Structure formats: structure tokens, C-alpha cells
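Model, not experiment: these values are computed from the prediction. Here is how names work: the chains are called A, B, and so on, in the same order as the sequence lines, proteins then strands, and each is numbered from 1.
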There are 2 protein chains.
Amino acid sequence: MKSAKEVFNEYLKEKNLKHSKVRDMIIDIFLKTERHLTAEELYFLVSKKYSKIGFSTVYRTLKHLIRAGLCREIKLEDGITRYEHLYGHQHHDHIICIKCGKFVEVVEPQIEILQEGLFEKYGFIPKSHRMELYGICKKCIKKNK
Amino acid sequence: MKSAKEVFNEYLKEKNLKHSKVRDMIIDIFLKTERHLTAEELYFLVSKKYSKIGFSTVYRTLKHLIRAGLCREIKLEDGITRYEHLYGHQHHDHIICIKCGKFVEVVEPQIEILQEGLFEKYGFIPKSHRMELYGICKKCIKKNK
DNA sequence: CTCTATGCAAAACCTTTGCATAGAA
DNA sequence: TTCTATGCAAAGGTTTTGCATAGAG
């Protein structure tokens with residue numbers, strides 16, 4: 001299987017886009033950070049290494065990652081967009097702690113099957129779905145005791 | 001069972017808030033529109049009857065509806081906030097047409113049970129969840145044929 | 001050299017807030 | 001009269017865009 005980096009390089013070549021110090025830096029930091037980053041978090045991570053980075057470059061680079069199929073925007077109930085790794089990850093949903101914001105990716109094939117059933121029942125052609133479970137995680141339960 | 005209007009009147013009384021022509025108008029239009037409105041849509045519906053209405057009044061009134069327990073904000077993948085009726089509606093999820101935007105509310109108790117299982121598996125205290133199914137509805141399938 | 005990438009500032013969105021005035025009780 | 005409600009304009013927060021310049025190939 002190709003690495004995410006290779007996929008991105010192919011995307012650049014295909015679109016006649018270029019490498020640059022800044023672009024490669026953002027890509028590397030995004031790819032090695034296996035969390036659901038916000039644009040702001042990514043901006044701060046990059047700015048530690050290169051303080052002149054601009055927000056627009058971060059946003060523009062994220063758009064490229066999306067077009068290259070390496071990344072997906074997710075919008076949760078707080079309204080802030082997060083960017084999640086897509087390449088080499090199977091479909092999953094999220095369980096989220098409303099106290100500390102911790103994310104866990106969850107997979108539940110039986111739910112997927114029932115979802116297919118709902119699409120069929122309502123006569124829809126399935127395209128995608130999202131499911132988020134909000135609760136309080138173990139650590140935060142302990143803290144409040 | 002109390003009507004939604006009664007619930008709202010009690011809320012106003014309890015908080016020492018007042019009725020007003022504009023407030024009652026917004027509430028009435030919201031309550032009789034059984035759709036998932038955006039603030040903008042509600043604004044335009046109201047402005048047909050009363051053109052001087054301001055956006056801030058719409059937003060402020062929606063916040064009151066939320067506090068009164070009659071309404072819930074939902075944020076979908078497009079990032080735009082929609083306001084959905086809460087009072088007298090059982091918990092449900094949504095199936096959404098990505099072509100025409102049509103919403104259907106769906107209920108699937110078996111999925112709810114599996115969700116509870118996931119909360120337990122990951123050691124979370126359940127608080128809420130959301131599920132949205134995105135696809136293409138019957139009408140839009142026909143249109144594209 | 002030519003075309004793309006960048007940083008900055010400004011604009012674009014959606015939503016909230018401050019303030020003076022209108023209106024409810 | 002004494003509050004609260006309203007409309008307007010301004011301000012917030014996040015994301016996008018225009019533009020002159022730097023940089024890649």
C-alpha cells in the first residue's frame with residue numbers, strides 16, 4: 001500500500017502543484033499527528049517550527065489534503081471544524097467526552113447493517129453517515145468523585 | 001399534555017420575561033413550521049408578516065425557545081445551524097437527501113440499544129448522541145433518470 | 001522565466017453583543 | 001414608572017479571498 005505521503009505527492013504532480021518548505025512541513029505535521037486537529041491546533045503546531053506561517057496557508061493546505069483524499073472535515077456539535085485522517089483508516093464513528101473533549105474512534109458493524117436497512121426502508125441511495133456518541137469518559141468520572 | 005405554547009408561557013412567567021408582538025409572532029411561526037429551520041429561514045418567514053424584524057431578535061428568541069426546552073440546535077455537515085422542535089417529539093435521528101436537502105426523522109430502537117452497548121464498552125456515561133444518514137431520496141433518484 | 005505558494009490584510013459568513021429607544025406590565 | 005424587548009450597527013469567531021511578493025521547477 002502506498003504511504004499517505006506518496007498519495008499526496010501523486011496528487012501534487014497530477015494537478016501541477018509544487019512542493020514547498022512550508023507545504024511539506026504542514027503535511028508532515030498533519031500526517032504524524034493522529035488526532036482530530038482543528039485548523040488552529042495545526043497552525044500552532046506548525047508555528048513552533050516556523051513562526052511566520054499564516055492561517056491561510058494552513059487552511060489552503062488542508063483543502064489540498066481533502067482533495068487528495070487524505071483528510072476529512074468533521075463538524076461536531078460545538079461547531080468547530082476538525083480534520084481527521086482518512087487514508088488507511090476504515091470507516092468509524094466517534095465517542096466523545098463532553099468534559100475533556102477526548103475522542104475515541106469506534107466501529108460497530110451491526111449498527112452499519114441497521115443503517116443500511118434504514119436507507120432501504122426510506123428509499124434512499126446511501127451515500128454516507130455519521131454517528132457521534134457524547135458522554136463522560138472514565139477519567140472524568142473519577143475526577144468528579 | 002401541555003401545549004408547546006403553554007410551556008413557553010410558563011417559561012416567560014418563571015423568568016419574569018414579557019410577551020411582545022414580535023416575540024409571539026416568531027414563536028407562533030416557529031411552532032407551526034414543522035421543519036428544521038435555519039435562523040435565516042425563520043427570519044424570512046417572519047419578515048413576510050413584519051418586515052422590520054431584525055436578525056438579533058430571531059436569534060434571541062431561538063435562545064429562549066431552547067432554554068424553555070422547546071427547541072434544539074443541530075449542526076449538520078454543512079456547518080449551518082438548524083433549529084428543530086423538541087417538545088412532544090421522541091428522540092430520533094435523521095436521514096437527509098444530499099440533493100434536495102429533504103429531512104426525514106427516523107427511529108430505530110435496535111441502534112439505540114447498540115449505542116448503549118458502545119458507551120458501556122468504552123466506559124462512558126451516556127449523555128446524548130446523534131446520527132445522520134446522508135443519501136439520495138426517491139424523488140431525486142427519479143429526477144436524475 | 002513562468003507559474004504556483006505564501007503572508008498579510010481584508011472580506012465573507014454566521015452569530016452575539018452594546019446601546020439607545022420602544023414597548024409591556 | 002420600571003423593567004424587558006427591539007432594531008441597528010458593531011464586534012466576534014472561523015474560514016476564504018485578493019494581491020503583491022517570494023519561491024519552486
Output the rounded distance in Å from [atom1] ([X]) to [atom2] ([N]).
{"X": "A:Asp24", "N": "C:dT6", "atom1": "CG", "atom2": "C1'", "result": "14 Å"}
{"X": "A:Met25", "N": "C:dT6", "atom1": "CE", "atom2": "P", "result": "10 Å"}
{"X": "A:Glu40", "N": "D:dT15", "atom1": "CD", "atom2": "P", "result": "9 Å"}
{"X": "B:Lys63", "N": "D:dA5", "atom1": "NZ", "atom2": "P", "result": "16 Å"}
{"X": "B:Lys52", "N": "D:dA5", "atom1": "NZ", "atom2": "C1'", "result": "13 Å"}
{"X": "B:Glu41", "N": "C:dC14", "atom1": "CD", "atom2": "C1'", "result": "14 Å"}
{"X": "A:Leu42", "N": "D:dT15", "atom1": "CG", "atom2": "C1'", "result": "14 Å"}
{"X": "B:Glu73", "N": "C:dC14", "atom1": "CD", "atom2": "P", "result": "15 Å"}

Is the shortest side-chain N/O distance from [X] to OP1 or OP2 of [N] below 4.0 Å?
{"X": "B:Thr57", "N": "D:dG7", "value": "yes"}
{"X": "B:Tyr59", "N": "C:dT16", "value": "no"}
{"X": "A:Tyr50", "N": "C:dG7", "value": "yes"}

5'-most contact on DNA chain D: B:Arg60 or A:Ser56, nearest heavy atom basis?
-> B:Arg60

Inspect the surroundings of NZ in B:Lys99 and state if more than 12 heavy atoms from other residues, nucleotides or ligands are less than 6.0 Å away.
-> no

When you look for runs of 3 or more Watson-Crick or G-U pairs in a row, both distances below 3.5 Å, which of them include DNA chain D?
-> C:1-25 with D:1-25

Using a cut-off of 4.0 Å on non-hydrogen atoms, how would the nucleic acid contact of A:Tyr43 be classed: base, sugar-phosphate, or nothing?
-> nothing

Within the structure shown, what part of the strands sits under 4.0 Å from B:Arg23 by heavy-atom distance: base, sugar-phosphate, or nothing?
-> sugar-phosphate

So, does A:Arg67 use its side chain to make a donor-acceptor pair with the main chain of A:Tyr11 at under 3.5 Å?
-> no

Hey, which of B:Glu84, B:His85, B:His36 is the one that makes side chain to side chain donor-acceptor pair (under 3.5 Å) with B:Arg72?
-> B:Glu84

If the sugar-phosphate is the primed atoms plus P, OP1 and OP2 and the base is the rest, what is the B/S/- string for nucleotides 20-25 of chain D, using protein heavy atoms under 4.0 Å?
-> ---BBS

Should A:Glu73 and A:Arg82 be marked as a side chain to side chain contact (heavy atoms under 4.5 Å, CB included) after you check the CA-CA gap, both sets of side-chain angles, and the distance that decides it?
-> CA-CA 6 Å; A:Glu73 285 182 340; A:Arg82 265 160 255 261; over 6 Å; no

